[in-house]
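Written out below as structure tokens is the structure these notes cover.
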Amino acid sequence: MAIRSFFLFILFFSSSLSPVFSLYEDQVGLMDWHQQYIGKVKQAVFSSQRAGRKRVVVSTEENVIASLDLRHGEIFWRHLLGADDVIDGIDIGLGKYVITLSSGGSILRSWNLPDGQMVWESSLQGPKHSKSFLLVPTNLKFDKDNVLVVFSNGRLHAISCIDGEVLWKKDFEAESFEVQQVIQPPGSDLIYVVGFAASYQFEMYQINAKNGELLKHESASFSSGFSGEVSLVSTETVVALDSTGSILLTISFQDGKISSQQTPISNLVEESLGPAVIIPSSVSGIFAIKTDAVTVFIRVIGEGKLEVVEKTTHEIAVSDALSISEDQEAFALIQHASSEIHLTVKLAHDWDGNLLKESVKMDRQRGLVHKVFINNYIRTDRSYGFRVLIVMEDHSLLLLQQGEIVWSREDGLASIIDVTTSELPVERNGVSVAKVEHNLFEWLKGHMLKLKGTLMLASPEDMAAIQSMRLKSSEKSKMTRDHNGFRKLLIVLTRAGKLFALHTGDGRIVWSHLLRSLHKSEACQSPIGLNLYQWQVPHHHAMDENPSVLVVSRCGPSSDAPGVLSFVDTYTGKELSSLSLDHAVVQVIPLPYTDSTEQRLHLLINADKHAHLYPKTSEALSIFKREFLNIYWYSVEDQNGIIKGHALKCKCTGEVADEFCFDTRDLWSVVFPSESEKIVATVTRKLNEVVHTQAKVVADQDVMYKYISRNLLFVATVAPKGSGEIGSVTPEESWLVAYLIDTVFSENWVVYHYFNLRAHRYEMSVIEIYDQSRADNKDVWKLVLGKHNLTSPISLFSRPEVITKSQSYFFTHSLKAIAVTSTAKGITSKQLLLGTIGDQVLALDKRFLDPRRTVNPTQAEKEEGIIPLTDSLPIIPQSYVTHALRVEGLRGIITVPAKLESTTLVFAHGVDLFFTQLAPSRTYDSLTEDFSYALLLITIVALVAAIFVTWRLSERKELQEKWR
């Protein structure tokens with residue numbers, strides 16, 4: 001069967017599942033929470049509408065377009081575009097339409113500002129790839145002749161703002177021409193397109209805005225070339241740097257004639273060290289450059305002459321220009337100083353005067369200010385007031401007004417790259433676990449309302465009161481661990497290099513910490529966070545120690561860049577220590593060994609295939625040496641189609657002696673022919689997965705033994721041509737092959753999802769593996785009495801005696817993620833958690849993916865729970881874990897076992913976050929939170945009273961009968 005093998009996710013699981021059950025309306029929010037974010041803001045445009053609620057429209061790095069309430073920062077509406085639909089520009093036209101340019105300038109859209117509905121969409125094609133620019137004239141009127149100007153894909157377009165129709169277009173087909181700016185002076189019918197050709201020639205094109213006619217083309221050569229950004233200082237003047245970054249070029253094209261002025265940066269900045277960089281801005285007549293030592297603001301005066309107006313050694317951010325009247329522009333500067341930021345608003349033509357100067361206290365854990373957006377309003381005294389929207393280093397978004405932070409959004413949580421969990425502290429003596437009711441009246445009132453709800457006599461007001469009381473009396477948000485294991489901390493690492501601790505009870509942020517090791521510095525210019533690992537999990541004698549996590553990162557995008565390790569206390573968020581490594585980190589192997597302080601041993605593999613042991617202590621080294629011969633791992637080279645198994649060899653042999661460094665050796669390798677197979681997915685078993693039993697009793701009381709090996713690796717390969725998008729190849733040109741390799745799995749089965757080209761549908765397949773070497777052990781009584789030899793060693797040097805069972809089913813949806821529920825003892829039935837293309841999480845009973853399903857199951861098979869075979873997997877609306885909510889931009893699903901065996905904790909993350917508790921087999925081992933103990937007590941008292949009354953009546957009747 002020809003299969004398009006673009007795998008989304010592949011996971012290993014264990015045994016069968018039970019049905020999913022939905023929640024009642026009043027239960028939503030008791031066990032789950034949902035948070036909406038937008039990501040790091042790239043561009044922001046303030047709405048100038050005087051009527052209605054004040055808002056700001058933003059575009060983000062997560063490809064989100066959103067309208068935010070300026071009063072509280074809440075989301076009015078938002079749209080998440082596709083992963084490849086990157087937003088290039090955004091603006092507001094006619095005061096009521098949001099105009100967006102995306103997909104490398106290929107798609108132009110208009111959205112209705114009040115509700116976010118799309119008005120029109122235009123596709124813009126061109127002869128070549130180029131930078132994209134969107135120009136929305138400030139004097140745009142509701143007229144088809146008023147146009148939007150877009151430069152994209154090597155072509156200049158004029159587009160009607162009413163219906164998106166392309167009115168005219170002009171091609172710039174020269175291969176070497178790179179556009180740098182597209183300029184339309186206010187009220188002018190001229191458009192200037194300026195850029196570089198062959199890296200040393202400046203080109204200027206003058207275009208008629210009404211019909212696209214080329215009016216003039218001028219060029220000028222600069223032997224020193226160009227580098228970096230170009231800053232527009234007026235409608236007819238730009239500033240650029242030469243290729244060395246040491247000379248400023250002021251280029252004017254007034255009246256279509258090019259003139260230039262060259263100024264060495266050393267003439268402006270005496271302390272300049274190294275090349276300079278232009279800070280992008282659109283302030284008229286002023287631009288800024290940054291060197292290693294200082295940031296300099298320069299004014300352009302006269303015929304290209306430059307004047308330094310200010311120098312600063314502080315980190316600084318500059319906003320674009322804001323027109324506050326016909327001839328006045330204002331802009332904002334923000335400088336950092338210890339725990340404060342200094343905000344200054346100036347007029348573009350008057351540097352020495354300040355329209356506003358304020359200092360705002362700022363949490364250091366937010367880092368530096370990355371972007372600034374300014375908006376003005378008229379105060380009651382007719383003076384100008386200013387609002388400033390700032391984007392911080394941790395990707396948070398804040399609105400400043402009158403020296404205060406009006407609101408803030410933690411939008412860094414929209415870019416989570418890894419998640420782990422931590423237990424909360426144990427409750428100290430003297431603190432009651434249960435909350436005490438305030439008074440008898442409230443207690444009776446609460447239970448009466450619950451009784452009315454149970455008898456379905458409650459009014460809507462009563463139901464709202466019940467919901468409020470449940471949330472108020474719930475202990476789910478306490479900062480101590482509970483006996484059921486529901487209260488935990490979710491430790492998440494974001495792309496900004498910030499750690500957050502989220503409480504599973506209500507999703508609130510307990511603490512956050514911007515890691516010093518992930519802060520840009522001279523030693524580490526491009527830090528990148530990689531993964532989180534459990535470092536120290538105290539138990540028993542080490543309970544006085546706080547748990548901690550290991551954050552692994554590296555200084556650069558390359559895999560051979562030096563690594564950085566950070567150790568963070570999960571109770572306080574304090575960074576305990578950090579290590580800058582002298583080697584790369586290609587692979588991290590958590591070892592199943594801990595020292596006396598409960599620190600877990602980790603093996604870090606570098607680019608040279610050397611293994612480094614952490615923590616670097618004598619005790620850890622002693623433990624490691626005892627287990628030296630029992631440590632194996634594998635590596636996958638996707639591009640080369642090679643899988644290798646490795647073991648330790650000896651201590652590293654090098655110039656510098658390091659007793660914690662070890663050489664490695666290759667044990668085996670599997671090579672897939674590159675002309676016929678390409679590795680697309682590899683998955684192994686979770687390290688912390690619990691298997692309750694190896695034996696599985698089937699319908700005829702026979703016993704089958706699951707093949708359980710911690711060293712089993714699932715590998716999926718496809719034809720090289722079949723690794724592209726759907727429709728890129730024919731069924732005959734694509735195939736899929738699944739391998740199970742014993743390297744040193746969930747219990748004994750694997751489920752994978754793919755697109756079947758021949759059937760033109762998505763499919764899910766299941767493979768179950770059983771151990772035939774124990775086929776003779778089929779006596780159930782021996783199994784019960786524990787006399788089976790289930791612990792005999794398995795050798796990986798000989799082929800195991802296994803049998804496999806498999807089955808494939810059609811499935812309606814494309815998937816973004818797959819996960820499996822996990823419980824403390826592995827007894828509870830499991831569920832597949834499917835992240836759908838609609839950004840929801842669907843729970844699917846594993847029984848639907850049982851390879852032993854038949855069209856007509858026997859009575860014994862029905863008793864076992866085997867469902868009759870169908871060709872498609874069902875989608876039950878009540879099985880959506882996320883209810884009617886969507887986790888926009890869904891990227892991952894994490895499951896964590898609770899102490900209560902029936903329950904698993906589920907965390908889904910993307911641009912949004914969602915958390916809930918799931919009981920695949922219902923809560924068979926506990927009572928629900930809304931259980932009415934009062935009703936139980938009343939029932940018991942009534943039964944006791946009835947028994948006593950009945951006994952008295954019986955005694956009296958018996959006495960009367962005797963007297964007769």
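Since the model is a prediction, treat every value here as computed from it, not as a measurement.
Within the 3.5 Å criterion, the main-chain N or O of Asp569 finds no donor-acceptor partner in the side chain of Asn546. Between the Ser396 side chain and the Asp411 main chain, no donor and acceptor come within less than 3.5 Å of each other. Side-chain N or O atoms of Glu901 include one that pairs as donor or acceptor with a backbone N or O of Lys825 at under 3.5 Å. The backbone N or O of Leu424 sits nowhere less than 3.5 Å from a side-chain atom of Arg487 that would complete a donor-acceptor pair. Judged purely by atom type and a 3.5 angstrom limit, Arg409 uses its side chain to pair as donor or acceptor with the backbone of Gly73. Under the 3.5 Å distance criterion, the side-chain polar atoms of Gln35 are matched with a main-chain donor or acceptor of Gly507. Between the side chain of Gln536 and the backbone N or O of Thr597 there is at least one donor-acceptor pair closer than 3.5 Å. A donor-acceptor pair is defined here as one N or O able to donate and one able to accept, closer than 3.5 Å; such a pair exists between the side chain of His503 and the backbone of Gly505. Judged by distance alone, with hydrogens and angles left aside, the side-chain atoms of Thr939 form a donor-acceptor pair with the main-chain N or O of Leu935 at under 3.5 Å. In terms of modelled atom types and a separation under 3.5 Å, the side chain of Gln840 and the main chain of Val887 share no donor-acceptor contact.
Every residue meeting the side-chain hydrogen bond (donor to acceptor under 3.5 Å, both in side chains) condition with Thr870, not counting sequence neighbours, appears here in chain and number order: Arg853. Legend: residues meeting side chain to side chain contact (heavy atoms under 4.5 Å, CB included) with Ser512, ordered by chain and number and at least two apart, are Lys498, Phe500, Ile509.
Annotation for Thr895 and Val820: closest pair OG1-O, 2.8 Å, computed over non-hydrogen atoms. In terms of heavy atoms, Ser902 sits closest to Arg922 at CB-O, 3.5 Å.
Note that CZ of Phe914 is 11.5 Å distant from CG of Leu890, once rounded to the nearest 0.5 Å. Expressed to the nearest 0.5 Å, how far CZ of Phe915 lies from CD1 of Ile894 amounts to 12.0 Å. Summarising the geometry, atom CG belonging to Leu905 is positioned 11.0 Å from atom OG1 belonging to Thr823; distances are rounded to the nearest 0.5 Å. To the nearest 0.5 angstrom, Met764 atom CE is 6.5 Å from Leu844 atom CG. Within the model, atoms CD of Glu863 and CD of Gln859 stand 5.0 Å from one another, a figure rounded to the nearest 0.5 Å.
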task = Applying side chain to side chain donor-acceptor pair (under 3.5 Å), run through Thr904 and Thr821 and close with a yes or a no.
result = CA-CA 6 Å; Thr904 184; Thr821 58; 5.6 Å; no
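Checking Gln807 against Tyr809 by side-chain atom types alone, no donor-acceptor pair falls below 3.5 Å.
Arg508 CZ: more than 12 foreign heavy atoms inside a 6.0 Å radius.
Sorted by first then second residue, the salt bridge (charged side-chain N to carboxylate O under 4.0 Å, His left out) pairs that include residues 908-921, not counting sequence neighbours, are Arg78-Asp912.
With salt bridges taken as basic N to acidic carboxylate O contacts below 4.0 Å, none links Glu861 and Arg852.
Between Trp33 and Phe907, the ring-plane angle classifies as tilted under the 30° and 60° cut-offs.
In this structure, His813 has its ring center at least 6.0 angstrom away from the ring center of Tyr762.
Results of the side-chain contact (heavy atoms from CB on, under 4.5 Å) test with Tyr752 over Ile818, Ile767, Val766 single out Ile767 as the only residue that passes.
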